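See below for the structure under consideration.
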Amino acid sequence: MLAMTDTPTLDQPYDPALVEPRWYAFWEKHGVFAATDAPGDTRPVYVVPMPPPNVTGSLHMGHAQRCTLEDALVRWHRMRGFNTLWQPGTDHAGIATQLVVERALAREGKSRHDIGREAFVSRVWQWRLETGDRILLQQRILGASPDWSRSKFTMDPDLSRAVTEAFVRLYEQGLMYRATRLINWCPECMTSLSDLEVENEEGANGELFEFAYEVEGGGEVVVATTRPETMLGDTAVAVHPDDPRYQAIHGKRVKHPFVDRTFPIVTDAILVDPKFGTGAVKVTPAHDFNDFATGKRHGLEEINILALDGTLNGNAGPFAGMDRKEARRAVKKALAEKGLARGAKPHTLTLPRCQRSGGVVEPMISTQWFLKMQTMADKALDAVHSGKTAIVPEEWVKTYDHFLENIQDWCVSRQLWWGHQIPAWHGPDGQIVVAREKPKELGPEWKQDADVLDTWFSSALWPFSTQGWPDETAALKKFYPASDLETGYDILFFWVARMMMFGLHFMGEVPFRRVLLSGLIVDETGDKMSKVKGNVIDPLDLVRGTSFAEMAKKTLPGAPEAEAMAKFKKAYPSAAAMGSGFPAFGADAVRFTLATYPPTNKRIALAPRRIEGNRHFLNKIWNATRLALDLLGDYAWKESGAPKGFYNRWIRSRFAATCEAAHAGLDAFRVDEAALASYRFFWNDLCDWYLELVKPILRKGTDGTFAHPDLVPETRETLAYVLEGSMRLMHPLMPFLTEELWQRVPRPPSRKATVAFGPYPTPESEHDARNAEVDAQMATLQAIISAARTVRSEHDIDKKAEVPLHVRCDEPALVAFLRGHHDAIRQLVKTTGEPVFEARGGEREAGATVSIVPGPSGPIEVLVGLKGLVTRSDELSRIDRELKKIDRDLGALEKKLGSPGFVDRAPPEVVEEARTQRATLVDGKARLAESRKLAEEL
RNA sequence: AGGCGCGUAGCUCAGUGGUAGAGCACUACCUUGACACGGUAGGGGUCGGAGGUUCGAAACCUCUCGCGCCUACCA
């Protein structure tokens, strides 16, 4: 079926570099990741999107983490028989890339206007292809293969159609409008921004500068400002109506010192806090949001003093042409020269910065397209409150509410070229026509609006635009609404809330039933990843391995190497201690590790050591499979009934419990619980105990025969069963390794091609294997073996030396059970001859140690004969340690049983259990005390 | 200023009322026929602090300290 070269052999250690590319290529070739869309299939559908890629540093790991969970969920859903659709989302990488391209152009002394729209967009794509965009990384980690070739060098035509349709409909419904308002403007990107795209930098050092305006008719009024240069746009001074200091000047006018105009002193109780500064506020309606609102209340003039690139314009009089910083110094100096400066105080303030360029954002009066949000927001709120869509974890509901309850109209136009151009045409006399395409009757003098739409506008259409909307396609009918959406909490507002609003508006139904919000990855010290901090880790470096020097160079390009390394080591102390770089952990190890963090964890401090540990787990699986295949020999898959042998029944019971735990975890979006359950089962149950126990059964002795020929067939069946089942169980968490191994293990002939097509093991299919009694018996057996091993270890007994063993307990059934497992005990403890099982109370061999194991109904004594091997001090300290533990447990129990009210008020079964435990401990303690006496005589 | 969250072993993290857990790190022994990316055994925590509810609190309540994120404001 498969023809692959370079097949790795199990004799070599697991090497992800050999295994992962093989299966990545295979899945891609066979379209395992493509959407399944069988006609006529009406089963529920899960849609899990690929997240928007992002080339800026801080979000890399967050996206990688989301990929991992998404992939796990997608695969799991498919394995359960659901159809799963998977498509790349709206392309956000370009929006960040275009800034890079603009800067590159600037270095050539050009602007985008010099090369034209088409060439510009094409260069953005070029840059992305050449530099290896995030989207490529996601394909690698996810194994996804979206067909994005058709969108090369242009915007996706289908998406453009949906975007245009949505815009036109919103316009026709009166929700989309054009208005001249104060908006956030990034002078570096030369575009407007939405509120969400502005980041606030706290703690910036500034000063509160005070200066005086001369009042007409005599006197002055002193105002305070952090931005003296904006006084060039002042059109009022506001004071609080009740402030006694300023009663006399209400209604008077002040004179502008630099420009030839006067403006009024107004009273305003909303804007002015009499306790702050001087109690008098300069009002600049064109460059401050509060002042803008104040201006509207008082009918003030709006004087724009800034050009689009942030320099001062003609309205700034003598200061025109200066940039913002220069103007500030000049204005202060000029005020001082006129004798109007009144001093300055230090003041910390928050600077609004552009999310993409980092430039300081300016409030600017500008004509833009806005979308009315109120009605849509109310519907989206209602959809969550009524339970039509559930947000997981629930704590995010409050955040969602807060955003939608306080939502402002959305400024959707951007003065950029990367994006969907607005379908509006401007006539020569300022007329505007909005249409799906340019109406024929409009002449060439009608130009299309040069602006594009915010990328999140098209993203908000994602749940239905990807299904062929506005056409009523079969896919749309089938895949809308989707079941689950998984994404990082950082785009709850940007994306999730807007998909909810648009979904309800255009489709009349919620876009998805559940939304899982997962955490974001931060560095080892808990800081968000950012290029400035030099703490960005590219997940691909973890997958492929790299030197820290290389990583530092990438994360802080152009910085001196020593500085970059120092920053990196500070952010990742434990990683730095690992040596000079990361080994290639492989995609499976990275994925599995990320899956072990619960989604309730908002911050995930990336610990490469943890990845390393899981990398070892993968190797363990590899080697265990090698052993299992060796033990299975030429075994061919056989449909088997329920096993009769004890170990076989036990491992099937454990496997069933694991499937149950894994399902419970996945159902509740707790992938970490599924991962942990699988880990424990495979390592602690299967490897540590089951494989050790079946070795003597499945291996021929020196005489060439099996010790228990009757057990061989069902033991092989069981081993093969849990091995193959484990691969299917763990496949979503580590697709590459499990695929490689699954191809080699015995499996039902009906299963073809790839483990991804196999059914996912379910609690139902394993239910009959659950057996609490077997679990309990095995626990006792394990405790006895461990106790004997502890004695060996504590006394430094040679690995090969055999010791006599007696196990004593008062329960005949238990004695019989243990006797039935003398082989295993003998082998795992390494006993001299057969271990002896008997009732308690008999004489004790000289030189024997006693350990107490709590049994189901009383203490079990484990006696290890150490004649001549034991030293007095070793044995005393071992017994003392055991006594200490018993005393500690006993103390807790006595306290509990002795405290007033416990016996009366606690549930009877809790009291009963405590009493039983106490009896067992008291009994055991007496026996230990006795052996301590004997040990003293050694 | 408000909202949300976090604080548990040296590190990264589980644990929503019944005797504190995992991985890594650490100690000792073991290169045993799957695996040293391993095995067996061991050490290590007054669960940030104080008070309260309860027979019983890491968990629930109140206050408090430290940290993070988000939103708003900042003349």
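Fair warning: this is a prediction, and the values are worked out from it, not measured in the lab. Labels below follow one simple rule: chain letters A, B, ... track the order of the sequence lines, proteins then strands, and each chain is numbered from 1.
- Atom P of nucleotide B/U71 and atom CD of A/Gln408 are separated by 14 Å, given to the nearest angstrom.
- Between the CG atom of A/Leu629 and the P atom of B/C35 there is a distance of 14 Å, rounded to whole Å.
- Donor-acceptor pairing under 3.5 Å is recorded for the side chains of A/Asp268 and A/His298.
- Each of B/G18, B/C24, B/C70 was ranked by its minimum atom distance to the side chain of A/Arg609; first place goes to B/C24.
- A/Gln917 and A/Thr920 share no donor-acceptor pair across their side chains, judged by distance under 3.5 Å alone.
- With rounding to whole Å, A/His402 atom NE2 is found 15 Å from B/G5 atom P.
- Looking at heavy-atom distances under 4.0 Å, A/Thr399 makes no contact with the nucleic acid at all.
- Between the C1' atom of B/G2 and the CZ atom of A/Phe403 lies a distance of 17 Å, rounded to the nearest Å.
- Both A/Asp798 and A/Lys884 lie close to RNA chain B; mapped to their nearest nucleotides by heavy-atom distance, the more 5′-ward contact belongs to A/Asp798.
- B/C6 sits 15 Å from B/G15 when the C1' atoms are compared, rounded to a whole Å.
- No more than 12 heavy atoms of other residues, nucleotides or ligands shown are found within 6.0 angstrom of CD on A/Gln408.
- Contact annotation: A/Trp622 does not reach the phosphate of B/G38 (side-chain N/O to OP1 or OP2, under 4.0 Å).
- Looking at heavy-atom distances under 4.0 Å, A/Lys695 makes contact with a base.
- Among the heavy atoms of the strands, none lies under 4.0 Å from A/Arg792.
- Base engagement by A/Arg610 is indicated by at least one non-hydrogen atom pair under 4.0 Å involving a base atom.
- Between A/Ser786 and B/U40 there is no side-chain N or O to OP1 or OP2 distance below 4.0 Å.
- Counting to the nearest Å, the P atom of B/U40 and the CD atom of A/Glu794 are 16 Å from each other.
- Rounded to whole Å, the separation between the C1' atoms of B/U8 and B/G2 comes to 29 Å.
- Nearest-nucleotide positions on RNA chain B for A/Pro907 and A/Gly279 put A/Pro907 closer to the 5' end.
- A/Leu208 comes within contact range of the sugar-phosphate backbone alone, with a heavy-atom separation under 4.0 Å but no base atom that close.
- Backbone-only engagement by A/Arg670 is indicated by non-hydrogen atom pairs under 4.0 Å involving sugar-phosphate atoms exclusively.
- Using a 4.0 Å heavy-atom cutoff across all strands shown, A/Arg626 reaches sugar-phosphate atoms only and no base atom.
- Spacing of C1' atoms, B/U31 relative to B/U40, comes out at 14 Å, to the nearest Å.
- Contact between the side-chain N/O atoms of A/Lys799 and the OP1/OP2 oxygens of B/G39 is not found at any separation under 4.0 Å.
- Residue A/Lys896 has its side chain nearest to B/G18 when only B/G18, B/C4, B/G38 are considered.
- As judged by a 4.0 angstrom heavy-atom cut-off over every strand, A/Asn601 is placed among residues touching the sugar-phosphate backbone only.
- Separating the P atom of B/C60 from that of B/G18 is a span of 12 Å, rounded to the nearest Å.
- Out of B/G42, B/G18, B/A28, the shortest distance to the side chain of A/Val910 is found at B/G18.
- The nearest whole Å value for the distance from the NE2 atom in A/His795 to the P atom in B/C30 is 17 Å.
- A donor-acceptor pair shorter than 3.5 Å cannot be found between the side chains of A/Asn684 and A/Tyr679.
- At least one donor-acceptor pair closer than 3.5 Å links the side chain of A/Asn623 to the backbone N or O of A/Asn619.
- Between B/A41 and A/Arg881, no contact under 4.0 Å exists linking OP1 or OP2 to a side-chain N or O.
- You'll find that the side chain of A/Arg680 is closest to B/A22, out of B/C4, B/U40, B/A22.
- Nearest approach of A/Asn406 to A/His402, heavy atoms of both residues: ND2-O, 2.7 Å.
- Within a 6.0 Å radius of CD in A/Glu405, other residues, nucleotides and ligands contribute more than 12 heavy atoms.
- Residue A/Asn614 places none of its side-chain N or O atoms closer than 4.0 Å to OP1 or OP2 of B/C24.
- Atom pair A/Leu676:CG and B/G23:P shows a separation of 9 Å (rounding to whole Å applied).
- With hydrogens and angles disregarded, a donor-acceptor distance shorter than 3.5 Å links the side chain of A/Arg792 to the backbone of A/Lys830.
- The side chain of A/Lys398 contributes an N or O atom lying less than 4.0 Å from OP1 or OP2 of B/C4.
- As judged by a 4.0 angstrom heavy-atom cut-off over every strand, A/Tyr679 is placed among residues touching the sugar-phosphate backbone only.
- Look at A/Thr596 and you won't find any side-chain N or O under 4.0 angstrom from OP1 or OP2 of B/C13.
- The nearest whole Å value for the distance from the CG atom in A/Asn619 to the C1' atom in B/G38 is 9 Å.
- Between A/His616 and B/G38, a side-chain N or O to OP1/OP2 separation shorter than 4.0 Å is present.
- Counting heavy atoms from C-beta on, the side chains of A/Trp396 and A/Lys602 come closer than 4.5 Å.
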Pair pattern of RNA chain B in dot-bracket, where unpaired bases get dots and | marks partners in another strand, Watson-Crick or G-U under 3.5 angstrom: ((((((((.[[[[.)..(..]]]].(((((.......))))).....[[[[[..)....]]]]])))))))....
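- A donor N or O paired with an acceptor N or O is not found under 3.5 Å between the base of B/C37 and the side-chain atoms of A/Lys620.
- Closest to the A/Leu196 side chain, of the nucleotides B/U19, B/C37, B/U71, is B/U71.
- Between B/G10 and B/A25, the distance separating the two P atoms is 16 Å to the nearest Å.
- To the nearest 0.5 Å, the span separating CG on A/Asp291 from NZ on A/Lys282 amounts to 7.0 Å.
- B/G56 sits 15 Å from B/U19 when the P atoms are compared, rounded to a whole Å.
- The cationic group of A/Arg610 lies under 6.0 Å from the six-membered ring centre of A/Tyr597 and within 45° of the ring axis, placing it in a cation-pi geometry.
- Remark: the separation of the C1' atoms in B/C47 and B/C13 is 14 Å, to the nearest Å.
- If you check B/C37, B/C4, B/U71 against the side chain of A/Phe493, the one that comes closest is B/U71.
- Using a 4.0 Å heavy-atom cutoff across all strands shown, A/Glu692 reaches at least one base atom of the nucleic acid.
- When distances are taken from the side chain of A/Lys602 to each of B/G42, B/C4, B/U19, the shortest belongs to B/C4.
- Here the side chain of A/Asp889 is nearest to one of B/G21, B/G5, B/U19, namely B/U19.
- Under a 3.5 Å cut-off, the side chain of A/Asn614 and the backbone N or O of A/Ala589 do not form any donor-acceptor pair.
- With distances taken from any side-chain atom of A/Asn623 to the nucleotides B/A41, B/C13, B/C35, the minimum falls on B/C35.
- Contacts of A/Gln917 with the nucleic acid, taken as non-hydrogen atoms under 4.0 Å apart, include base atoms.
- The same atom, P, is picked in B/C63 and in B/C11; the two are 30 Å apart, to the nearest Å.
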